[in-house]
Undergrad: 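I'd like to ask you about the structure that follows.
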Amino acid sequence: QLQAFGGGLVQAGGSLRLSCAASGRSFNNYAMGWFRQAPGKERNFVARINWSGSSTSYADSVKGRFTISRDNARNTLYLQMNNLKPEDTAVYYCALSKGMTGSSYLGGYNYWGQGTEVTVSS
């Protein structure tokens, strides 16, 4: 089970840190990812991190502003979001990959959190 939290309302240029707590199984051997879904739009890739945290990748739209990280001892995934823009407004979902590396494809993930809402005002 994945529980995402940390969303909220923030002004443009502000920061938020999302967390995703895993329970019920160990996620240490699997990659994880963050995706987001804006109202009326499809769910899109934001960032991924491999099982050890040594490899990350980002969507072009968030590169340089967002940082994904994980703490395997705490079974927790993070997404630090800086310099937020109104176009970052969405529900953010954490997901557990089917493998150790992860990818940008939704189909590569088989467990999803319930989502946490981020609203960025201009």
Side-chain angles (χ1 to χ4, degrees):
Q1 183 176 359
L2 301 176
Q3 181 84 19
F5 53 95
L9 174 64
V10 63
Q11 287 188 329
S15 298
L16 281 175
R17 188 195 198 198
L18 305 184
S19 299
C20 174
S23 62
R25 64 175 293 166
S26 173
F27 82 158
N28 293 355
N29 295 324
Y30 298 92
M32 295 197 73
W34 286 98
F35 291 76
R36 66 186 182 186
Q37 187 166 15
K41 297 189 176 181
E42 61 185 18
R43 191 172 299 187
N44 290 323
F45 169 74
V46 174
R48 60 144 279 272
I49 187 167
N50 73 337
W51 70 278
S52 66
S54 63
S55 172
T56 60
S57 60
Y58 300 88
D60 287 344
S61 59
V62 308
K63 205 171 291 184
R65 300 187 297 122
F66 291 11
T67 302
I68 188 172
S69 61
R70 64 190 297 163
D71 184 341
N72 284 350
R74 297 176 183 267
N75 271 2
T76 304
L77 174 74
Y78 303 99
L79 185 69
Q80 178 66 43
M81 306 186 295
N82 297 329
N83 191 21
L84 282 160
K85 303 176 181 181
E87 51 263 43
D88 295 318
T89 294
V91 176
Y92 284 71
Y93 298 89
C94 57
L96 184 68
S97 173
K98 296 176 182 177
M100 299 175 69
T101 302
S103 71
S104 61
Y105 299 101
L106 273 73
Y109 297 81
N110 53 3
Y111 290 96
W112 293 83
Q114 85 291 355
T116 184
E117 188 168 2
V118 172
T119 303
V120 184
S121 63
S122 57

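Fair warning: this is a prediction, and the values are worked out from it, not measured in the lab.
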Undergrad: Could you report the tightest heavy-atom contact between Arg48 and Ser55, atom names first, then the distance?
TA: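 Heavy atoms of Arg48 and Ser55 come nearest at NH2-OG, 3.1 Å.
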
Undergrad: Looking only at the side chains, is there a donor atom on one of Ser52 and Arg70 sitting less than 3.5 Å from an acceptor on the other?
TA: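 Ser52 vs Arg70: no donor-acceptor pair found between side chains.
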
Undergrad: In Å, rounded to the nearest 0.5 Å, how long is the span from CG of Asn28 to CG of Asp71?
TA: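 Between atom CG of Asn28 and atom CG of Asp71 there are 9.0 Å.
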
Undergrad: Is the CD atom of Glu87 crowded by more than 12 outside heavy atoms at less than 6.0 Å?
TA: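 Counting other residues, nucleotides and ligands, CD of Glu87 exceeds 12 neighbours.
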
Undergrad: Is a donor on one side and an acceptor on the other found under 3.5 Å between the side chain of Arg43 and the backbone of Val91?
TA: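 Looks like no, no N/O pair under 3.5 Å.
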
Undergrad: Are Trp34 and Tyr78 connected into the same hydrophobic cluster when the rule is that any two of I, L, V, M, F, W, Y join if their side-chain heavy atoms are below 4.5 Å apart?
TA: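 Different hydrophobic clusters.
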
Undergrad: Do Met81 and Val118 touch side chain to side chain, with heavy atoms closer than 4.5 Å?
TA: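 A side-chain contact exists here, since the closest heavy-atom pair is under 4.5 Å.
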
Undergrad: Find the distance between OG (Ser54) and CD1 (Ile49) and round it off to the nearest 0.5 Å.
TA: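 Those atoms lie 8.0 Å apart.
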
Undergrad: Applying a strict under-4.5 Å side-chain criterion to I, L, V, M, F, W and Y, I'd like to know whether Tyr92 and Met32 cluster together.
TA: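 Yes, Tyr92 connects to Met32 through the hydrophobic network.
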
Undergrad: Using a 3.5 Å distance criterion without hydrogens, assess whether the side chain of Thr89 forms a donor-acceptor pair with backbone atoms of Val120.
TA: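 Yes; judged by distance alone, with no hydrogens or angles, the pair exists.
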
Undergrad: Would Leu106 and Tyr58 show up in the same hydrophobic cluster when neighbours are defined by side-chain heavy atoms closer than 4.5 Å?
TA: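 No: no chain of side-chain contacts under 4.5 Å links Leu106 to Tyr58.
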
Undergrad: Measuring from atom OG of Ser103 to atom CZ of Phe45, what distance do you get when rounded to the nearest 0.5 angstrom?
TA: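 So the OG of Ser103 and the CZ of Phe45 are separated by 7.5 Å.
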
Undergrad: Taking the ring of Tyr109 and the ring of Phe35, is the distance between their centroids below 6.0 Å?
TA: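 Yes.
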
Undergrad: Whether the side chain of Gln114 engages the backbone of Ala4 through a donor-acceptor N/O pair (distance < 3.5 Å, no angle test) should be reported.
TA: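 Indeed, once roles are kept as given, a pair shorter than 3.5 Å links the two residues.
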
Undergrad: Would you say Lys41's side chain and Arg36's backbone share a donor-acceptor pair under 3.5 angstrom?
TA: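 No, Lys41 side chain to Arg36 backbone: no donor-acceptor pair under 3.5 Å.
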
Undergrad: Take the angle between the ring planes of Trp112 and Tyr93 and call it parallel below 30°, perpendicular above 60°, tilted in between.
TA: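 If you compare the ring of Trp112 with that of Tyr93, the planes turn out perpendicular.
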
Undergrad: Compare every heavy atom of Pro86 with every heavy atom of Ala12, then report the nearest pair and how far apart it is.
TA: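 Reported closest heavy-atom pair: CB-CD, 4.1 Å.
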
Undergrad: Return the minimal non-hydrogen interatomic distance between Tyr30 and Ser97, and the atom names on each side.
TA: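 Looks like CD2-O, 3.4 Å.
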
Undergrad: Is the side chain of Asn72 donor-acceptor paired with the backbone N or O of Asn75 at a distance under 3.5 Å, no angle test?
TA: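 No, the answer is negative, given that no donor and acceptor are paired below the 3.5 Å cut-off.
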
Undergrad: For Lys63, is the NZ atom crowded, meaning more than 12 foreign heavy atoms sit under 6.0 Å from it?
TA: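 Yes, enclosed.
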
Undergrad: Quick one: pull up OG in Ser122 and NZ in Lys85 and give me the separation to the nearest 0.5 Å.
TA: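 Reported to 0.5 Å precision, the distance equals 13.5 Å.
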
Undergrad: According to a hydrophobic-cluster definition based on side-chain heavy atoms being under 4.5 Å apart (Ile, Leu, Val, Met, Phe, Trp, Tyr only), do Trp51 and Leu77 belong together?
TA: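 Per the 4.5 Å side-chain linkage, Trp51 and Leu77 are not co-clustered.
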
Undergrad: Would you check if there is a donor-acceptor pair between the side chains of Ser15 and Asn82 at a distance under 3.5 Å?
TA: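 On atom types as modelled, these side chains qualify, holding a pair under 3.5 Å.
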
Undergrad: Check each of Thr56, Leu79, Leu18, Leu16 against Phe66 using the side-chain contact (heavy atoms from CB on, under 4.5 Å) test, and report the only one that passes.
TA: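 Running side-chain contact (heavy atoms from CB on, under 4.5 Å) over Thr56, Leu79, Leu18, Leu16 with Phe66 returns exactly one hit, Leu79.
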
Undergrad: Provide the closest heavy-atom pair for Met100 versus Asn29 in the form atom of the first, atom of the second, distance.
TA: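 Looking at all heavy atoms of both residues, the closest pair is CG-O, 3.2 Å.
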
Undergrad: For the atom pair OG1 (Thr76) and CD (Gln3), what is the distance rounded to the nearest 0.5 Å?
TA: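 Going from OG1 on Thr76 over to CD on Gln3, the span is 11.5 Å.
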
Undergrad: Counting N and O atoms only, with roles assigned by atom type, does the side chain of Asn83 sit under 3.5 Å from a partner on the main chain of Arg65, one being a donor and the other an acceptor?
TA: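 No; zero donor-acceptor contacts below 3.5 Å.
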
